[in-house]
Amino acid sequence: GDSVTQMEGPVTLSEEAFLTINCTYTATGYPSLFWYVQYPGEGLQLLLKATKADDKGSNKGFEATYRKETTSFHLEKGSVQVSDSAVYFCALSDFRNQGGKLIFGQGTELSVKP
Amino acid sequence: DVKVTQSSRYLVKRTGEKVFLECVQDMDHENMFWYRQDPGLGLRLIYFSYDVKMKEKGDIPEGYSVSREKKERFSLILESASTNQTSMYLCASSLWAGGSYEQYFGPGTRLTVT
């Protein structure tokens, strides 16, 4: 079945460092890909998405490109801030799944130090 | 703004009790979901509903049931709570936007079964 694999955390960076969180997927169809973020004590928020190959999703300085040839959707940010400390989830949704059922990776915790 | 609310942020129940977790969304979304979140496992889908009185099993439905009598409300029921159901429970609703379904999450209910 479909699945998502993320790099393990926690990831600890200094402020203004470059961030990459790797995400790869396995899917039989043509999924949409998402990054969700969970700040401490809160639910998940949609950070960005891409719905077809070579699309780039971007939001709040984060970006990720849908790479069909490598089945990847890596999250990047050029300069992280302390306020980016959170858990990041990569997810996919196959259009055949009614209502957009999501399959999540295990999450990657990011800690940014001043 | 889409708002998904959950009835409790924290809940402590005893083994064998019947537990109700309530979720309400205010945006007339047809699709609603219940996930549980455990460290290292990401989010796993318990049940989802794509219409009133309709429900579909997710990946881990054992020990749970759901009810959707009104479009805005989706309840998760633990018929006889057990300690292995101690977890964070997240509710979500979804709508079609920008070429895919997007899910909106509530803040979560942290359930402890003793």
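Just so you know, these numbers come straight off a predicted model, no measurement behind them. Worth knowing before you read on, the calculation uses all heavy atoms, side chains too, and leaves out hydrogens, waters and symmetry mates.
- If you measure heavy-atom distances from B:Q37 to chain A, the contacts under 4.5 Å come from the side chain alone.
- Here the side chain of B:T109 pairs a donor or acceptor atom with the backbone of B:S8 at under 3.5 angstrom.
- For B:L90, the part sitting under 4.5 Å from any heavy atom of chain A is the side chain, from C-beta outward, and nothing else.
- Residues B:M88 and B:V113 fall into different hydrophobic clusters, defined by Ile, Leu, Val, Met, Phe, Trp and Tyr side chains chained together at heavy-atom separations under 4.5 Å.
- In B:R110, the CZ atom is not crowded: 12 or fewer heavy atoms of neighbouring residues, nucleotides or ligands sit closer than 6.0 Å.
- For A:Q45, no part sits under 4.5 Å from any heavy atom of chain B, backbone or side chain.
- The pair B:R68-B:D51 does not meet the salt-bridge criterion, since no charged nitrogen lies less than 4.0 angstrom from a carboxylate oxygen.
- Between A:Y25 and A:Y66, the ring planes are perpendicular. Angles over 60° get that label, and only those under 30° would be called parallel.
- With a 4.5 angstrom heavy-atom cutoff, A:K49 touches chain B only via side-chain atoms.
- Residue B:R44 does not touch chain A at all, counting heavy-atom pairs closer than 4.5 Å.
- Chain A forms more heavy-atom pairs under 4.5 Å with one residue of B:Q6, B:R9, B:M32 than with any other, namely B:R9.
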